[in-house]
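Working notes, structure below.
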Amino acid sequence: MDKNFYITTPIYYPSAKPHMGHAYSSIIADFFARFKKIDDYNVHFLTGTDEHGLKIQRSAEKQGIDPLEFCNQISETFRDLSKTLNLTNTDFIRTTEKRHKKTVQHLWNVLEKNDDIYLSKYSGWYSVSDEAFYNDDEIEDVEGDKIAISSKSKVEWIEEESYFFRLSKWGKPLLDYYQSHPDFIAPESRKNEVISFVKSGLKDLSVSRKSFSWGIKVPNNKDHVIYVWLDALTNYLSALNYPNSNDQLFKNFWPASIHLIGKDILRFHAVYWPAFLLAAKIELPLKVYGHGWILSGEEKMSKSKGNILDPIEIINQYGLDPLRYYLIKEVSFGNDGNISQERLEDCINSDLANNYGNLCQRVTAFAIKNCESKIPNKVKFQKEDIEILDKYKNNLDNIRDKIDNQNINFYIDYIINSLFEANKYFNDQEPWKKKDDLLRLNTIVFTTLEIVRKISFLLYPIIPNSSLKALKIFNLGESDINFSSIGNNEFLIKDSKINKIDILFKKIEKNND
RNA sequence: GGCGGGGUAGCUCAGUUGGUUAGAGCGCAGGACUCAUAAGCCUGAGGUCAGUGGUUCGAUCCCACUUCCCGCUACCA
C-alpha cells in the first residue's frame, strides 16, 4: 500500500509583505515534507494565500486597483517566498481561484442543508476605526459617548443581518473527539487551552458579512459574502478537489496528516474547522500543530520596536540554509523562539562550518591525497567501525517515530551528536598515522565517508542545498537520497571517484572589540 | 479576576515517575595532536535547579505560600 502524507501551512493573508513567521511555518512544513519524501511517502504539501476580506478590499481601493489585481500582485510575493525558501510544495492555492470558490460554496450548501447554518442578526458595539466588535464589558461611558476600553475609540451599536453556523451544537462532539483522539491537537499545553475554551461553552459563529463585498458570495443570497474562516479553512479541501471524492488527490490525501499553523490561529483550526467538518460529515485531519512565534531578542517583532528581522534580508546576507538550520535547531519546537544575528552567526560558525562543513572537507581532502581520489575498495571493518555505522540503522524507526511526534529537536540533536561522534572517530582512528597500513587507512576513510553520506541524507530535510552540495563528493543527487538507505553501511560505490567540493559554509568573521 | 504554563551554568535550553558527584550546545581557560575552513579531539572553571515553609530517611523534582514572566479567557487574521 502506498504511504501518503498531506501537510499544509496556513494560507497567508497578503495584506503585508512576508515576515519571519511566514517563513518559519513554511520552513518547518518543508522539513516534514522532505523527510517524508525521502522516507518513500507520496507527499502533498500545500501552501497559499487567503485573499478575501475587508482589509484587502480597502488596500486595493487605496491603490485604486481592482482587489483581484491587488491580490495577484501580493500573492506573487508569497509564491516568490516559497521559491526563496526552497519549498517543495506541490501546490499553491489562492482563495480567489475558481476551484476554491466551488468547494466553499458546496460546503456552504451542505452545512445549510444539514441545518447547521441559519440566517439571523449580528449585533454589538462596533468600532469603525478598530474594525472590531466589543462586548458590553469591554466598553465604557465617557461624557455620553461609548468607547472601547482597550483602544479608546468610539463604538456604535450595530445590527447586521448575518448567517450563523451552529457552533454551539458541536461543543460536546468536539470534546468527545479530543478525548478519543489525544494527538489531534499539539502541542499538549495548547491542547489544554483549546479544551478549556470549548468547555466554557461555544456560541454560534457568524459566517457571513453584508458590510463588504470582497469575498465568496453566499449561494442564493448575493447580499452576503462568506466570512473568513469558513472560506479560508476550506482551502485544505479545495486543493484536493473536494467535493469530488473520486478524485485521486482527495482519495490519497484526505484526511490531512497535519495542519501546521502558528499558535495564534490554533482555535480556528482546532475548534471551528473540525466543527465544520463534523457538521459536513467529512473526516477530520489527523493533527493540528500550533507552533510558537519567532521573537527578535526577547520581544515580539513589530514595526514600532524596529526589531523586525526580514527573512529575505537574512537570506540575502547569510544564505537560505543557515536560516533554515537556525530556525529548526535553535527553536524548541512548539515554544516561542528567538532569533538574532549574533546567535545565527554563532550557529553558522560552530555547527555548519566547523562541525559539518569541516568534516566533509577534512575527509575528502584526506581521501583525495591518500586514496587516489576514490572511494576505497579494500575495506575490512573492525568493531569500532561497525559500532559507529550501525547506530544509524538501529535508530531508523526511532527517528521515524520522533518525526511522527513532531520531535524536531530530537532529530537535529541526533544529527549534531552524530557529527561530534564522526569527528571524534576520525580523530581517534588517526588515519594520517596509518600510511603503512593501507587496509586500515582505507577502512577508516570509507567508514567516515559513509557517515558523511548518512548525515548528509539526514540533513537534507533541513538544509537541502548544502546537503546536495556535500553529496556531490560522491556524485549523488537528489533522487539518490533515501532515508532507509541510511541503514546501509556499504551504500557508497567502491572505486568510484571522489570529487573535491567547495567549502560548504564560510565562517563569519566576527569583530572582537 | 478565572484557568493554564513557566522561573535550572555568562547565553540558549534539556532533565529528574523524589535517591549517591544536576546535563548539552555555545562562550571562556588549559593541554596533546596536525588529516581539515587556526577546524577537530581531550581536560577544566562556572549553578544555594526564583524565595520561604512543609511532607519524607532523603526534594531541583511532591504540597502550601510569596514573587516575577508568559499563554488562553470567541468572530483583525
Side-chain angles (χ1 to χ4, degrees), chain A residues 10-16 21 50 52-56 122 124 127 130-135 137 162 164-165 167-168 187-209 227-230 232 261-268 271-272 290 292-293 298 329-332 335-340 342-343 345-347 349-370 409-410 412-413 416-417 419-420 422-435 441 444-445 448 502-507:
Chain A
I11 46 172
Y12 303 121
Y13 199 67
S15 60
D50 171 20
H52 291 128
L54 187 58
K55 269 192 192 167
I56 298 281
Y122 188 78
S127 157
D130 299 348
E131 293 173 25
F133 281 93
Y134 293 97
N135 289 330
D137 58 357
S162 169
F164 283 82
F165 172 73
L167 186 61
S168 58
E188 193 74 19
S189 55
R190 284 193 246 287
K191 170 178 159 181
N192 297 332
E193 287 176 6
V194 171
I195 290 176
S196 72
F197 170 76
V198 175
K199 275 189 179 156
S200 74
L202 297 173
K203 282 196 271 183
D204 287 351
L205 183 69
S206 163
V207 288
S208 78
R209 286 294 135 94
Y227 195 51
V228 282
W229 292 108
L230 189 52
I261 53 164
K263 63 181 182 180
D264 47 334
I265 53 173
L266 180 62
R267 182 194 311 141
F268 310 110
V271 180
Y272 299 178
W293 286 338
E298 289 300 303
K329 184 208 170 195
E330 289 289 316
V331 178
S332 173
N335 298 326
D336 291 352
N338 294 299
I339 184 165
S340 69
E342 195 190 351
R343 291 184 49 199
E345 290 177 0
D346 286 344
C347 197
N349 285 351
S350 51
D351 286 19
L352 295 175
N354 291 348
N355 208 347
Y356 176 56
N358 183 57
L359 175 68
C360 295
Q361 214 60 30
R362 74 192 293 208
V363 194
T364 23
F366 191 87
I368 286 168
K369 281 183 198 160
N370 298 286
N409 298 100
F410 172 90
I412 198 158
D413 287 347
I416 292 168
N417 285 329
L419 284 167
F420 284 133
N423 268 311
K424 180 173 164 53
Y425 168 86
F426 201 70
N427 247 68
D428 291 352
Q429 298 304 319
E430 301 181 306
W432 50 90
K433 288 184 182 172
K434 301 284 177 353
K435 294 189 181 171
L441 183 146
I444 295 164
V445 170
T448 313
D502 292 337
I503 282 182
L504 286 178
F505 302 96
K506 271 195 206 142
K507 293 187 69 167

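We name chains A, B, ... by the order of the sequence lines, and we start the count at 1 in each one.
For the pair Glu188(A) CD and G71(B) P, the interatomic distance rounds to 20 Å; values are reported in whole Å. Counting to the nearest Å, the P atom of A74(B) and the OH atom of Tyr272(A) are 10 Å from each other. When rounded to the nearest whole Å, the span between NZ of Lys329(A) and C1' of C11(B) equals 12 Å. In this structure, the NZ atom of Lys369(A) is 8 Å from the C1' atom of A36(B), given to the nearest Å. Here the P atom of nucleotide C76(B) and the CD1 atom of Ile56(A) are 16 Å apart, to the nearest Å. Distance, Asn417(A) CG to G25(B) P: 8 Å, rounded to whole Å. The nearest whole Å value for the distance from the CZ atom in Phe366(A) to the P atom in A36(B) is 9 Å.
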What does the list of N/O pairs under 3.5 Å between the protein and nucleotides 38-41 of chain B look like, with a distance for each?
from	atom 1	to	atom 2	distance (Å)
A39(B)	OP1	Lys507(A)	NZ	3.0
A39(B)	O5'	Lys507(A)	NZ	2.9
A39(B)	O2'	Asn354(A)	O	2.8
A39(B)	O2'	Asn358(A)	ND2	2.7
G40(B)	O2'	Arg362(A)	NH1	3.1
G40(B)	O2'	Asn427(A)	OD1	3.1
G40(B)	N2	Asn427(A)	ND2	3.0
C41(B)	O4'	Asn427(A)	ND2	3.0

Below 3.5 Å is the cut-off: list the nitrogen or oxygen pairs between protein and nucleotides 43-47 of chain B, distance only.
none

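Counting only Watson-Crick and G-U wobble pairs whose two key distances fall under 3.5 Å, RNA chain B forms stems of three or more stacked pairs at B:1-7 with B:67-73, B:10-13 with B:23-26, B:28-31 with B:41-44, B:50-54 with B:62-66.
In this view, Lys199(A) and Leu175(A), Ile195(A) satisfy the side-chain contact (heavy atoms from CB on, under 4.5 Å) rule, not counting sequence neighbours. Asn427(A) is linked by a side-chain contact (heavy atoms from CB on, under 4.5 Å) to Arg362(A), counting only residues two or more places apart in sequence or in another chain. Scanning for side-chain contact (heavy atoms from CB on, under 4.5 Å) contacts around Gln361(A) gives Lys500(A), Ile501(A), Ile503(A), with sequence neighbours left out. When the ring pair (Phe, Tyr, Trp, His ring centres under 6.0 Å) test is applied to Tyr13(A), no partner is found at least two apart in sequence or on another chain. With sequence neighbours excluded, the residues forming a ring pair (Phe, Tyr, Trp, His ring centres under 6.0 Å) with Tyr12(A) are His22(A), Phe78(A), listed by chain and number. Under the ring pair (Phe, Tyr, Trp, His ring centres under 6.0 Å) criterion, Tyr425(A) pairs with no residue, sequence neighbours left out. The side-chain contact (heavy atoms from CB on, under 4.5 Å) search around Lys433(A) returns Glu430(A), not counting sequence neighbours. Phe268(A) is linked by a ring pair (Phe, Tyr, Trp, His ring centres under 6.0 Å) to Trp229(A), Tyr272(A), counting only residues two or more places apart in sequence or in another chain.
Note on Gly290(A): nothing from the nucleic acid sits closer than 4.0 angstrom, heavy atoms only. Contacts of Phe426(A) with the nucleic acid, taken as non-hydrogen atoms under 4.0 Å apart, include base atoms. Counting non-hydrogen atoms under 4.0 angstrom, Ile265(A) reaches nothing in the nucleic acid. Using a 4.0 Å heavy-atom distance criterion, Ser332(A) is classed as a sugar-phosphate-only contact.
Listed candidates were C76(B), C72(B), A77(B). Nearest to the side chain of Glu193(A) is C72(B).
Counting non-hydrogen atoms of neighbouring residues, nucleotides and ligands closer than 6.0 angstrom, the NZ atom of Lys434(A) exceeds 12 such neighbours.
Among pairs with a residue in residues 350-359 of chain A, those fulfilling side chain to side chain donor-acceptor pair (under 3.5 Å) read Tyr325(A)-Asp351(A), Lys329(A)-Asp351(A), Asn354(A)-Lys507(A), Asn355(A)-Asn423(A), Tyr356(A)-Ser456(A), at least two apart in sequence or across chains.
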